[in-house]
Visitor: 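Here it is, the structure, as structure tokens.
Side chains are part of it too, since the values below use all heavy atoms of this structure and drop only hydrogens, waters and symmetry mates. One-based numbering along the sequence shown.
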Amino acid sequence: MISKKLWEEFENVRWVLDELRRAADDFSFLSRFRTGLEFVEWFKSFISPILQVNYNTGAYWIRTTDLRGVVLWTRQGAWNEWAANSVLSRALTDYRDYIEPEFIDVLAHQVADEARHFYIRVKILELAGESLAGFQPLPQWMQLFEFPLKCAAERLERPYFQVKFSGAFQTVELTATVQHRGVVENAHLNKALWEGPARRVAEALVRFSREIEDDESFHWSIAERIWARFLSTPELMSEALKCAVPALELSTVAKIARIEAAEKARAAG
């Protein structure tokens, strides 16, 4: 099963998470980064083994799934867009005083993106003759979207809230970027998806995945800008990691659990 292979791959790169947790407590190490931008570049490079697993969650899945699998995937994905929109909207309302004014507009832009993504995913479901009726999200995804505000709210002051929130929320967006790239670059290998009634749904899914890859990349760039500006001390870098690292783990686990649940549903008939 694909999920079993992905769990094994993830276990093999857990050392990345362990090292990042150690780095968060090592101010001597963090003081080596002269600017927030240097820290951003190091973080992206260091987590590349984890990002590869996230890429594979899209690549392995799309190569072997069927129309029913696409429906299950898209239902969870639609709920994710709704959840992301809810989290961002709450951040912009309940925690507005802790966000620098210059970032309000880009975060509001992201809210609009999440709403559009939800709409498109629902349309893909309709193409397959399905809907969100009766859908229950996986607990791993519920936990993931509860985490960013919970973590960021541990320090309600500027710039800590913003640094911690972007570290958690936008890291999830970074993992989504590579997952959708995995779908786009491997969909053509699943010949069954391009035959019969599944073809229209597959075309819509790939077209959407290509679009959302660009959007998620933009969303991650919000964190890059925030970190580059505010991560001026080892303490702030530490705070950023303390939210980004659990989010990276939760996001990867949720993606694999999504595939595992679909495989179990498929096996049950």
Side-chain angles (χ1 to χ4, degrees), residues 1-18 47-81 83 121 124-125 127-132 134-145 147 171-172 174-199 201-206 208-210 212-213 216 246-269:
M1 295 176 68
I2 291 173
S3 60
K4 184 176 184 295
K5 182 177 181 180
L6 287 165
W7 284 126
E8 291 172 351
E9 289 186 3
F10 182 46
E11 288 303 318
N12 287 335
V13 297
R14 273 191 180 273
W15 63 268
V16 173
L17 301 171
D18 295 336
I47 68 171
S48 58
I50 303 285
L51 293 180
Q52 182 61 52
V53 176
N54 281 268
Y55 175 92
N56 290 344
T57 62
Y60 295 171
W61 170 76
I62 195 64
R63 293 177 198 170
T64 59
T65 193
D66 56 13
L67 181 58
R68 184 182 179 192
V70 171
V71 168
L72 292 171
W73 174 280
T74 305
R75 280 177 173 161
Q76 180 65 61
W79 183 89
N80 294 349
E81 307 294 358
R121 288 192 193 267
I124 293 173
L125 287 175
L127 275 177
E130 300 287 348
S131 72
L132 274 174
F135 176 75
Q136 293 294 321
L138 293 173
Q140 292 89 345
W141 286 98
M142 296 174 68
Q143 182 182 7
L144 174 61
F145 284 106
F147 178 75
T171 295
V172 176
L174 179 58
T175 66
T177 300
V178 296
Q179 181 186 49
H180 287 290
R181 187 177 306 148
V183 170
V184 170
E185 293 180 351
N186 290 272
H188 67 284
L189 299 174
N190 188 341
K191 303 303 182 184
L193 273 185
W194 301 94
E195 298 173 353
R199 182 181 181 86
V201 179
E203 288 175 342
L205 176 68
V206 172
F208 169 67
S209 295
R210 186 175 292 112
I212 201 174
E213 179 190 341
E216 307 291 26
L248 181 61
E249 181 174 15
L250 288 168
S251 183
T252 308
V253 166
K255 288 182 178 66
I256 302 174
R258 180 189 199 178
I259 294 173
E260 185 176 54
E263 287 178 335
K264 289 179 179 178
R266 189 175 179 182

Visitor: With a 4.5 Å cut-off on side-chain heavy atoms, are L205 and I62 touching?
Guide: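 Yes - at least one pair of side-chain heavy atoms lies under 4.5 Å apart.
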Visitor: Identify which one of N54, I47, I50 satisfies the side-chain contact (heavy atoms from CB on, under 4.5 Å) criterion when paired with T175.
Guide: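 Result for side-chain contact (heavy atoms from CB on, under 4.5 Å) with T175: N54.
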Visitor: What distance separates T65 OG1 from L72 CG, expressed to the nearest 0.5 Å?
Guide: 8.0 Å
Visitor: Indicate the atoms forming the closest heavy-atom contact of I256 with S3, along with that distance.
Guide: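 Minimum heavy-atom contact is CG2-O, 3.9 Å.
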Visitor: Provide the closest heavy-atom pair for F10 versus E249 in the form atom of the first, atom of the second, distance.
Guide: CZ-CG, 4.1 Å
Visitor: Is there a side-chain contact between E130 and R75, using heavy atoms and a 4.5 Å cut-off?
Guide: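 E130 vs R75: side chains touch.
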Visitor: Mind listing the closest non-hydrogen atom pair of P246 and F147 along with its distance?
Guide: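 In this case the closest contact between P246 and F147 is CB-CZ, 3.4 Å.
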Visitor: Anything under 3.5 Å between a donor and an acceptor, one on a side chain of residues 135-145, the other on a protein residue two or more places apart or in another chain? List them.
Guide:
residue, atom, partner, partner atom, Å
W141, NE1, A254, O, 3.1

Visitor: Taking C-beta and beyond as the side chain, do T64 and N190 meet within less than 4.5 Å on heavy atoms?
Guide: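 When only atoms from C-beta onward are counted, N190 and T64 do not touch, as no gap falls below 4.5 Å.
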Visitor: Run V206 and W194 through side-chain contact (heavy atoms from CB on, under 4.5 Å) and show every step you take.
Guide: CA-CA 11 Å; V206 172; W194 301 94; 4.0 Å; yes
Visitor: Using salt bridge (Lys or Arg N to Asp or Glu O under 4.0 Å), reason through R14 and E11 one step at a time and then give a plain yes or no.
Guide: CA-CA 5 Å; R14 273 191 180 273; E11 288 303 318; 2.9 Å; yes
Visitor: State whether the side chain of R199 and the backbone N or O of L193 hold a donor-acceptor pair below 3.5 Å, judged by distance alone.
Guide: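 Not confirmed, R199 side chain does not pair with L193 backbone.
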Visitor: Contact between W7 and V253 at the side-chain level, heavy atoms closer than 4.5 Å - yes or no?
Guide: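 SC-SC contact between W7 and V253 confirmed.
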Visitor: Distance-only, no hydrogens or angles: does the R258 side chain make a donor-acceptor pair with backbone N or O of W73 under 3.5 Å?
Guide: yes
Visitor: With no hydrogens and no angle check, just 3.5 Å: does a side-chain donor-acceptor pair link Q76 and N80?
Guide: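 The answer is yes; a qualifying pair exists.
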Visitor: Check S251 against V172 and note the closest heavy-atom contact, atom names and distance.
Guide: OG-CG1, 3.9 Å
Visitor: Going by the rule salt bridge (charged side-chain N to carboxylate O under 4.0 Å, His left out), which residues pair with E263 if we only count those two or more places apart in sequence or in a different chain?
Guide: none
Visitor: Can you find a pair of side-chain heavy atoms, one from R121 and one from L125, that are under 4.5 Å apart?
Guide: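 No, side chains not in contact.
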Visitor: Could you pull out the closest heavy-atom pair between A204 and L127, with the gap in Å?
Guide: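 Smallest interatomic distance, heavy atoms only, reads CB-CD1, 3.7 Å.
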Visitor: Measure the shortest side-chain to side-chain distance between E9 and L6 over non-hydrogen atoms and say whether it is less than 4.5 angstrom.
Guide: yes
Visitor: Of all the heavy-atom pairs spanning P49 and W15, show the shortest one and how long it is.
Guide: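 Closest pair (atom of P49, atom of W15, distance): CG-CZ2, 4.2 Å.
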Visitor: Using 0.5 Å steps for rounding, measure from the CZ atom of R63 to the CG atom of L189.
Guide: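 Those atoms lie 6.0 Å apart.
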Visitor: If only atom types and distance count, is the side chain of N56 paired as donor or acceptor with the main-chain N or O of A59 below 3.5 Å?
Guide: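 Such a contact is absent between N56 side chain and A59 backbone.
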Visitor: Please name all residues satisfying salt bridge (charged side-chain N to carboxylate O under 4.0 Å, His left out) with E260, sequence neighbours left out, ordered by chain then number.
Guide: none
Visitor: Should W61 and K255 count as side-chain neighbours, where that means a heavy-atom distance under 4.5 Å?
Guide: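 In short, these two side chains do not touch, never coming nearer than 4.5 Å.
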